[in-house]
Structures are given as structure tokens and as C-alpha cells.
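Below you'll find the structure, written out as C-alpha cells, and then a few comments.
Note that the coordinates shown come from a computational prediction; the quantities given were computed from them, not determined experimentally. In what follows, chains are A, B, ... by sequence order, proteins preceding strands, each numbered from 1.
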Amino acid sequence: MEDKPVISIKNLWAGYEADTILEDISFEMFQNDYVGLIGPNGGGKTTLIRVILGLLKPDKGTISVMGQEPVRGRRHIGYVSQFQVEDKHFPISVWDVVALGRLQPNLLQNFHIRPYDKEVIELALQQTGMFEYRKRTMNELSGGQRQRIYISRALAAEPKILLLDEPTSSVDSQSSNQIYNLLAELNDHIAILLISHDLTAISTYVKTIGCVNRQLIYQGNKELTADMVEIGYGCPVDLIAHGLPHRVIAGHQHEDHHD
Amino acid sequence: MIEQLSTIFSYEFMRNALIASFWISLATGVIGSLVVLNQIVSLSGGIAHAAYGGVGIAYYLGMDPMLGALLFSTASALIMGAVQRKTRSGADTLIGVMWSIGMAIGIIFISLTPGYKANLMSYLFGSILAVSGTDLRLMALIAFLVLGFVFFTYRSLLAISYDETFSTVRNVPVNLVYLTMLVLIGLTVVVAMRMVGLILVIALLSIPPAIALNHFKDVRPIMLCSVVLSFLLCFFGLVISFQTNIQAGPVIILLASAAFLISSLVRRLHLSKKP
């Protein structure tokens, strides 16, 4: 059981029409993992997420989520989407948003919220410390609070895997730290895959790190290797890598302790 | 005042108009809220205008124009919906194209039909005062379909309207719910056409929810408020229309627009008072 990957990708190619975005990607992730994937904008991070969620069919290669096709296996994924500005205007309460995590494929089962669903929703709100905000409207919340609601919504699905897309892109640094601390706690029983263009933010918290830019470099360790930089990461990494070519992450962690 | 009203509604055609207002308000208030929240006002406009093609063809074939409108609006709702599911960006152009094709087909078939066709104007501008018993039954049926659909699939509808991607990942049958919603918009548009005409139907569909959205923060009260508002607007529109002998449709829409303006001003004042 422990040895079975929660996400397994083999020689996968994917893209839109003639435009190939992901080339020959292989990747395995296990139950206790906390993986951060970084990469430049336009490097295929979003495409990778769409493939894992079964929203985009790969052109070649195989992918499984909890040993199933993504379309079936995705029910085990708690998806935390990127913050969208349009969301701000939709009249919906915090409770109703988190309750979306309990949605079932059967329309009639969604007719009402069962007592068990209610318990799960309450717990999910408590885990992110947002329970007292349950009666608020989403557009009354700050960016960081809203992000925690999205995490609650993902948790309400009782996931085996949390998949986060740029979780701190619209969040101030203090809320961002809170979110990463929360994720570290959740990692006790949920595998986490975090995708971001922000290396400095995620490198401190994840257990292992990889890089996506058309290809994917992931060796299952915490150091950012020369390989990763080589496949075309942008300038910030180059700068750090020049000083500390092999211990980028360790060096960075040290820096953060002083903050 | 009361006496005046009882005189107005002593006429059977006015009582029918009032009953029609009730059923239409139920349907437009509820489905219109979804139209506004899903930002598919122009798609609904496309459905309404495409329906005119059905009116023309049915008239040419000697069938009931309402039947033609219902068939055309359902078909166009499904086509536009299906295209919109595939390509988010392509839908906008397609809406414009189907909008005009529907109108063109309608006009061509009507001009091919010999004889007097004054009553076809009523599909463009509404003829609430000429609703028949059959019309009323159709309106009631469609109102019940809309209410039943929204009641039984409320959570899924809310999910899809708020975050379609998340709903898909939860394996909610997004396409089924979305297309059913569009078909119901099409049916509602056709019956509301009897009231205000297809040109003004978009206003009846979108203005009451837009007002409600200014003042409520949950979808259910927004729907309820839209229904009530829509009925009040139709009621006062009918009374004014009766007194002044001006067509009901445009009066209702102007009233609605005035209400929207006032509501927006009130909201702005309210917001500026807050620190």
C-alpha cells in the first residue's frame, strides 16, 4: 500500500492542438510526499494540473491518480484553484463554498446536505481556522482568508492528495506563511503537490522539489540541481545558483531563519 | 385607487394579463438570476432572437407560431450551449451569427406568407393583452419546470455557476445541468416574449436580478426578490398601460430601467456613507 504511487505519470506528452506543451514527462508521487514544482509562466504548470485533474487528455503516455484514470481518480484530489478576480462578485457564503467540496456525481444526492457532510464541512473550516467566518460572504474576505476557504473546500472532499495551483499568488507574506504552516500540518495524512512560479516561497516548506518547463526534472530530493536550472528556469534561480550551485535550498532556509 | 384597480381588472383580458405576469415573473425571476450570475445575458439574447426564425417558419407552414418559437429556442440553446462548452471564445461570435440568422429566417418566411400579418408584430413587441387560455397553461407549465429544476438541482447549479472547474473535478454532470439550464432559458424567453416581445425580453430577464444583486448576498433571496420585483413591475406596467393606452411591454421595461437606476443610486449612496 505504502509503495503504490498516488500519482503516476509515464512518458506523457500533452498540449493544445498542434502546440505541444509538455514533452515526455514522467513523475511519481507517494502518500507522504510534499512536492513543490516550480517553473516559469508558460512552462506548462497549468497544463500539468489540467492533465492530472482529467480536464485535458494527454496526447501520448499514461497517467493514473490513485491507480485509476484521472477522470475517476480525481475524486481523491482536493483541488485548490488559483484565485480568480471574477469570484469577488459572486454572492455566495463561505459555508456554501466549502460545501461544494461535498458535491457528488449524482445530482439527486446533492439535493441536501447530510449530517455527515455537515460534520466534514465544519471540520474543514476548523482546520484552516476559518470556522467563525462561515456566515460571511466570500467578497468580504481578504486574499489570504479566501485562499484558506479554498483549502477548506478542498479538504471537505476528504482528499488523499491536495493539489494547489499558486496558492499564495494573491496573498500577503504573513498569510502566506500561515498557509504554508497549515499545509505542513496537513501533510501528516495527505500527500501534497504544490505548483508555483515562486521558488523562494515554496522551497522553505516542501519536502522535495522539481522543475517544470516543457520537460519535468524531479529526482525526489530537496535540492535544486543544475539540471533544473538548465532546462530553462528564469533569472532568479540563476542568481541564487551562481552563489550556491548545489545547496540552493538549504542556503535559502538558513536565510529565512533570520527573518 | 382600489376602485380604479377593480375596474381595470374587471376586464377578463386584464385578469389574464395579470395571471400571465405572475407565471412569467416566477420563471424569469428565477432563471434570470442564473442568467445574470452566469453572465450569459447575450447568449440569452441570441436564443430569443433565434426563436423568431421559428415564429416565421411556423407562420409560413400554418402552425402555431409559439410552437415554432419553442422548437427554435430549444435548438438554438442547445447549439450555442454545446459550442460554448467547447470553446469559450468562439461562442461570442456564434451568438451574434445565430442572433441574426434567426431574425433573417423569420423575416423571410413571414414575407413569403401571403395575407395580413399585423399580429406578428406582437412577437417583436409583446401583446400581453391578447394572451389565451392555452398561453396561460403553457406559462404555468414552464414556470413549474423552471422552479422544479432549480429546486432539485440547486446545489449543483450554484456550484457550476460559481466554479465550473471545481464542479467538473467533483464529477458533477456539468454539461447536463448547464444545457438543461439553457433550454429552460429558451423556454422562458419564449413565454416572456408574449409579455414584452422578443426585443425587450432580455430586459425582463436581466433587470430584476441585477437590482436584487445590488441588495442581497445570497442566490436564494436574489431569486425571490427578482420574482417579486418582476411581478410588481409587470403589475404597475399593466395599470399604467391601461390608463394611458400605451403598449404594456415598453412601459414595463422603462419602469424596470428606472427601478434599476434608482436601486444603483441607493446602493452607491449607501456605500459612500460607510467609512
Side-chain angles (χ1 to χ4, degrees), chain A residues 16-17 46 49-50 52-56 65 70-84 86-87 89-113 117 135-140 149-150 153-154 156-157 159 161 163 165, chain B residues 33-41 85-90 148-181 209-226 267 271 274:
Chain A
Y16 305 92
E17 287 164 22
T46 309
I49 288 178
R50 290 178 59 82
I52 293 173
L53 290 175
L55 299 171
L56 179 71
V65 174
V71 176
R72 294 172 57 82
R74 67 185 173 196
R75 67 175 191 277
H76 299 293
I77 299 179
Y79 172 50
V80 181
S81 54
Q82 211 174 333
F83 167 69
Q84 313 254 306
E86 308 95 75
D87 290 1
H89 306 293
F90 200 96
I92 188 167
S93 71
V94 164
W95 177 273
D96 281 345
V97 169
V98 179
L100 300 184
R102 298 305 300 160
L103 283 170
Q104 306 294 323
N106 185 325
L107 285 179
L108 291 177
Q109 276 180 9
N110 290 332
F111 179 59
H112 68 284
I113 294 179
D117 294 327
K135 288 183 179 151
R136 297 279 190 93
T137 319
M138 280 303 271
N139 55 29
E140 293 168 353
I149 297 303
Y150 290 158
R153 174 176 71 165
I161 309 160
L163 174 59
D165 185 3
Chain B
S33 301
L34 292 171
V35 167
V36 170
L37 289 172
N38 280 282
Q39 300 181 348
I40 47 175
V41 174
R85 311 308 298 154
K86 288 254 172 211
T87 53
R88 277 270 164 208
S89 52
F149 170 68
V150 172
F151 181 75
F152 283 109
T153 62
Y154 179 76
R155 284 188 63 222
S156 311
L157 263 174
L158 183 71
I160 290 165
S161 309
Y162 175 66
D163 190 339
E164 197 189 304
T165 307
F166 190 85
S167 312
T168 309
V169 173
R170 294 303 305 154
N171 283 324
V172 175
V174 174
N175 287 336
L176 177 70
V177 175
Y178 192 81
L179 290 178
T180 311
M181 178 178 78
I211 296 173
L213 201 56
N214 275 340
H215 305 283
F216 293 95
K217 289 173 176 174
D218 188 89
V219 176
R220 280 158 288 201
I222 286 174
M223 286 176 169
L224 183 65
C225 174
S226 305
R267 181 161 190 263
L271 285 180
K274 278 187 186 170

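Taking A:Leu108, A:Thr137, A:Ile77, A:Asn106 one by one and counting their heavy-atom pairs under 4.5 Å with chain B, the maximum is reached by A:Thr137.
Ring-centre distance between B:Phe166 and A:Tyr79: not below the 6.0 Å cut-off.
Here the side chains of A:Arg153 and B:Asp163 are in contact, with some heavy-atom distance below 4.5 Å. Taking the side chain as every heavy atom from C-beta outward, A:Ile92 and B:Leu158 approach each other to under 4.5 Å.
Residue A:Leu103 touches chain B through both its backbone and its side chain, counting heavy-atom pairs closer than 4.5 Å. Contact of B:Val174 with chain A is not made at all, since no heavy-atom distance falls under 4.5 Å. For a residue to count as touching a neighbouring chain, one of its non-hydrogen atoms must lie under 4.5 Å from one of that chain's; by this rule A:Val97 touches chain B with the side chain only. Interface residue B:Thr153: only side-chain heavy atoms are found under 4.5 Å from chain A.
Taking CG from A:Asp117 and CZ from B:Arg155, the interatomic distance works out to 6.5 Å, rounded to the nearest 0.5 Å. A:Lys135 NZ to B:Lys217 NZ: the interatomic distance, rounded to the nearest 0.5 Å, is 15.0 Å. In this structure, A:Arg50 CZ and B:Thr165 OG1 are separated by 7.0 Å, a value rounded to the nearest 0.5 Å. In this structure, CG on A:Asp96 lies 5.5 Å from CZ on B:Arg220, to the nearest 0.5 angstrom. Note that CZ of A:Phe111 and OG of B:Ser156 are 11.0 Å apart. Values are rounded to the nearest 0.5 Å. Going from atom OH of B:Tyr154 over to atom CG of A:Leu107 covers 15.5 Å, rounded to the nearest 0.5 Å.
No hydrogens or angles considered: a donor-acceptor pair under 3.5 Å links the side chains of A:Arg74 and B:Asn171.
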*Kindly indicate, with the supporting measurements, whether the criterion side-chain contact (heavy atoms from CB on, under 4.5 Å) is fulfilled by B:Phe152 and A:Asn110.*
CA-CA 9 Å; B:Phe152 283 109; A:Asn110 290 332; over 6 Å; no

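Here the shortest heavy-atom pairing between B:Val219 and A:Pro91 reads CG2-O, 3.7 Å. Contact detail for B:Pro173 and A:Pro105: the closest heavy-atom pair is CD-O, 3.1 Å. Contact detail for A:Leu100 and B:Arg170: the closest heavy-atom pair is O-CG, 4.0 Å.
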